[in-house]
Peer 1: 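Sharing a structure, written as structure tokens. Questions coming.
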Amino acid sequence: MSKPSAAQWSVQQSIDLYGIQRWGNDYFGVADNGNLIVKTLNTEVQLLNIIEGMQERDLQMPVLLRIENILDAQIKRLNDAFSSAIAKAGYSSHYRGVYPIKVNQQAQVVDEIAHFGARFKHGFEVGSKAEMIAALSTLEEPDSLIICNGYKDEEFVELGLQALQLGFQCFFVIETPAELPIIIKLSKAFDIKPMLGVRIKMTSQISGHWNSTSGDRSVFGLTTTQLIEVVDSLKTENMLDCLQLLHCHLGSQIPNIQEIRSGIVEACRFYTDLVHEGAAMTHIDLGGGLAVDYSGEQSSEEQSRNYSLEEYCEDIVETLKETFDESAIEHPIIVTESGRATVAYSSILLFNILDVNNFESSELQTSQDTEHALIINLREVLEYMTPKRLQECFNDAYYYRDELRELFKHGQIDLRSRAVGENIFLEILQRIYNQLDDLERIPPGLENLKLDLADIYYGNFSLFQSLPDIWAIDQLFPVIPIHRLDKAPTRQAVIADITCDCDGKIDNFIAEFGPSKTLALHPLQEGKEYYLGVFLVGAYQETLGDLHNLFGDTNVVSVRLNQDGSFDFVKEIHGDTIADVLSYVEYQPQQMAIRYRNTAERAVKEGRINARQRQQIMKTFNASMQGYTYYEKED
Ligand SMILES: *Cc1c(COP(=O)(O)O)cnc(C)c1O
């Protein structure tokens with residue numbers, strides 16, 4: 001579907017249209033030549049140049065691109081923002097961040113966080129033995145915290161106690177009363193004093209998608225009765241001085257700052273009373289929840305947030321200070337577990353467009369004497385169309401078209417006549433659509449016309465593998481072309497992936513004035529690639545993905561930008577081969593090759609192919625097995 005194009009188009013219009021400044025956290029911009037740029041540390045690089053570098057290294061689309069500098073900068077921003085807020089409020093303790101590994105567990109990401117976080121003693125939150133082992137073997141700064149949540153068996157506890165012996169600051173957060181006896185038993189057996197925390201169930205209600213993490217029915221945390229039991233058991237064991245940390249997690253992606261504030265006040269009350277009970281409290285851990293403004297709307301809507309990082313930190317620090325000062329409690333070390341906000345910005349999914357399907361009429365055929373009355377009716381609609389009669393024309397067009405389809409079904413008109421009619425029908429819709437902008441009010445029946453006429457752009461990626469949250473929870477991610485941004489995007493489109501699943505599509509986008517079902521894109525140019533990027537995909541997307549249609553992991557590239565505007569390919573991981581994904585679902589690629597070879601050999605014996613053809617057939621088979629699961633361009 002096409003709209004008359006604006007003759008003049010500036011890169012600023014692209015920036016506004018795609019909301020780059022609203023969601024980009026200052027990391028993205030557009031160069032005068034229309035290429036999207038990544039910006040950090042007074043340096044900027046055009047994404048298209050990075051893609052060219054990938055091509056030279058045979059890293060085909062789709063590619064998950066990680067910009068190391070952005071991860072580095074996000075960790076710094078978080079720590080700096082808390083430090084400033086603490087200085088500003090006169091809070092008399094400090095901040096210690098931990099990164100919850102579940103948000104992106106990829107070894108390279110966890111490694112980079114350990115590395116960039118070391119100067120802030122940024123630690124890890126772990127929820128399983130596997131994550132615990134990842135944390136223990138990557139942390140560079142032993143003074144950083146390791147916060148152990150989740151169900152802990154003896155082995156988990158043993159790992160944690162030994163980490164304490166090595167000098168790590170490892171807290172066991174008690175989530176259920178059943179964990180305590182195991183911890184007490186083992187710490188006595190090993191003669192190590194554990195560092196303990198308690199996770200409480202909060203009653204403060206949180207809006208947004210992840211609200212069930214709080215409230216009475218939350219599956220996590222201790223009820224007040226259980227909390228008292230834990231305190232009493234520790235007293236009996238003479239171990240109350242081990243209890244030093246209060247943990248709460250209100251939920252992820254909390255859009256409204258008011259709710260964060262009221263949650264903290266509740267947490268402070270628990271902390272204060274634990275101090276009064278005699279626990280040697282030192283840390284208050286407020287969990288995750290710092291939201292990412294995916295839609296760029298800066299609102300308290302689910303995919304947004306109505307606060308900045310600075311406000312988040314200041315609100316937390318001020319609320320803690322006020323509440324603790326009132327009850328004369330010494331200021332604890334502030335811990336947060338920001339996952340999403342730490343990693344979302346640094347990953348970008350890049351893919352090329354393979355093809356476009358548009359819903360435009362082809363040139364109208366001149367009318368024939370023998371034409372069916374319904375086709376003549378359709379032609380007449382074009383003649384009586386005026387701005388005032390658009391709704392009527394729309395209704396008529398649908399009526400005649402549907403009648404035509406009925407006749408076709410009953411064998412009363414032929415295929416060619418039906419095609420002529422369908423083409424006129426599309427022309428009518430197109431002309432109606434082109435006049436809608438001139439109307440003051442769009443008639444209710446015509447609101448969906450934009451979507452009905454939208455092009456389908458076929459992208460070389462699998463939604464289920466690379467963007468699972470779009471499918472699972474209607475998550476919104478910014479999608480934009482990474483070049484040609486100096487030209488008007490004259491098409492309106494939805495994006496389909498290359499799985500053959502009708503759910504494999506993106507039809508929810510950020511537009512200039514709020515969410516939109518279609519995305520403005522440029523027409524494809526013959527023989528030239530058109531690249532799109534999906535942004536803010538660093539959190540959760542990589543490991544929640546699945547092997548739908550056996551599309552595997554994409555290629556992954558980590559890039560570091562240098563001050564002089566150059567960039568280094570620091571790491572690359574080639575995505576799954578077809579043999580890889582087949583073996584994930586228990587096929588045995590070697591056996592498969594042998595069987596296929598036997599089939600081919602039999603065909604030679606039966607005289608259907610010759611030996612040379614057999615060789616070619618096996619070559620294709622083996623090359624496919626070792627190839628990428630996505631659409632590959634021939635060299
Ligand atoms: C998931 C989770 C987090 C991360 O939350 P974000 O909103 O991504 O920052 C933090 N803490 C706990 C206990 C979690 O389960």
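Sequential numbering from 1 along the given sequence is applied to the chain's residues. Note: hydrogens, waters and symmetry copies are ignored here, and every other heavy atom, side chains too, is used. Counting convention: from 1, in listed order, for ligands and their atoms alike.
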Peer 1: Going by the angle between their ring planes, with limits at 30° and 60°, are Phe82 and Tyr95 parallel, tilted or perpendicular?
Peer 2: parallel
Peer 1: Applying a heavy-atom cut-off of 4.0 Å, say which part of Lys102 lies close to ligand 1: side chain, backbone, both or neither.
Peer 2: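 The part of Lys102 near ligand 1 is the side chain, not the backbone.
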Peer 1: For Gly251, is at least one N or O under 3.5 Å away from an N or O on ligand 1?
Peer 2: no
Peer 1: Mark up the atoms of ligand 1 that fall under 4.0 Å of a heavy atom belonging to Glu125, in ascending order.
Peer 2: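 It comes down to these atoms of ligand 1: 13 (C).
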Peer 1: For Gly339, take its heavy atoms, then give the atoms of ligand 1 lying under 4.0 Å from any of them.
Peer 2: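 Going through ligand 1 atom by atom, the ones under 4.0 Å from Gly339 are 6 (P), 8 (O), 9 (O).
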Peer 1: When you look for heavy atoms under 4.0 Å from ligand 1, do you find them on the side chain of Asn149, its backbone, both, or neither?
Peer 2: side chain
Peer 1: Centroid-to-centroid, Phe171 to His283, below 6.0 Å?
Peer 2: yes
Peer 1: Is there a nitrogen or oxygen of Ala341 sitting under 3.5 Å from a nitrogen or oxygen of ligand 1?
Peer 2: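 No, there is no polar N/O contact under 3.5 Å.
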Peer 1: With a cut-off of 4.0 Å, which atoms of ligand 1 are near a heavy atom of Gly289?
Peer 2: 5 (O), 6 (P), 7 (O), 9 (O)
Peer 1: Between Tyr630 and Phe551, is the ring centre distance below 6.0 Å?
Peer 2: yes
Peer 1: May I ask you to list the atoms of ligand 1 that are less than 4.0 angstrom from any heavy atom of Gln253?
Peer 2: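 Near Gln253, meaning under 4.0 Å from one of its heavy atoms, ligand 1 has 7 (O).
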Peer 1: What do we get for Pro100 next to ligand 1 when only non-hydrogen atoms under 4.0 Å count, side chain, backbone, both or neither?
Peer 2: side chain
Peer 1: Within the supplied structure, the quantity of interest is the number of heavy atoms (other residues, nucleotides, ligands) at a distance under 6.0 Å from Lys76 NZ; does it exceed 12?
Peer 2: no
Peer 1: Once you measure the plane-to-plane angle for Trp23 and Phe535, does it fall in the parallel (<30°), tilted (30-60°) or perpendicular (>60°) bin?
Peer 2: tilted
Peer 1: Between Glu237 and Lys188, is the closest basic N to carboxylate O distance under 4.0 Å?
Peer 2: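 So Lys188 pairs with Glu237 through a salt bridge.
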Peer 1: Check for me whether the distance between the ring centres of His331 and Phe324 falls short of 6.0 Å.
Peer 2: no
Peer 1: So, regarding Arg340 and ligand 1 (criterion: nitrogen or oxygen to nitrogen or oxygen, under 3.5 Å), is there a contact or not?
Peer 2: yes
Peer 1: Name all residues meeting the side chain to side chain contact (heavy atoms under 4.5 Å, CB included) criterion together with Gln106; count only those two or more places apart in sequence or in a different chain, and write none if there are none.
Peer 2: Arg66, Asn104, Val109, Glu542, Thr543
Peer 1: Using a 4.0 Å cut-off to any heavy atom of Ser338, which atoms of ligand 1 qualify?
Peer 2: 9 (O)
Peer 1: For the 3.5 Å polar cut-off, considering only N or O atoms, please tell me whether Glu337 and ligand 1 meet it.
Peer 2: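 Yes, since at least one N or O of Glu337 sits under 3.5 Å from an N or O of ligand 1.
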Peer 1: How does Tyr99 reach ligand 1, by side chain, by backbone, by both or by neither, if only non-hydrogen atoms under 4.0 Å count?
Peer 2: neither
Peer 1: Using salt bridge (Lys or Arg N to Asp or Glu O under 4.0 Å) as the criterion, list what pairs up with Asp143, not counting sequence neighbours.
Peer 2: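 Salt bridge (Lys or Arg N to Asp or Glu O under 4.0 Å) list for Asp143, sorted by chain: Lys121.
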Peer 1: Tyr540 heavy atoms, cut-off 4.0 Å: which ligand 1 atoms fall inside?
Peer 2: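 It comes down to these atoms of ligand 1: 1 (C), 8 (O).
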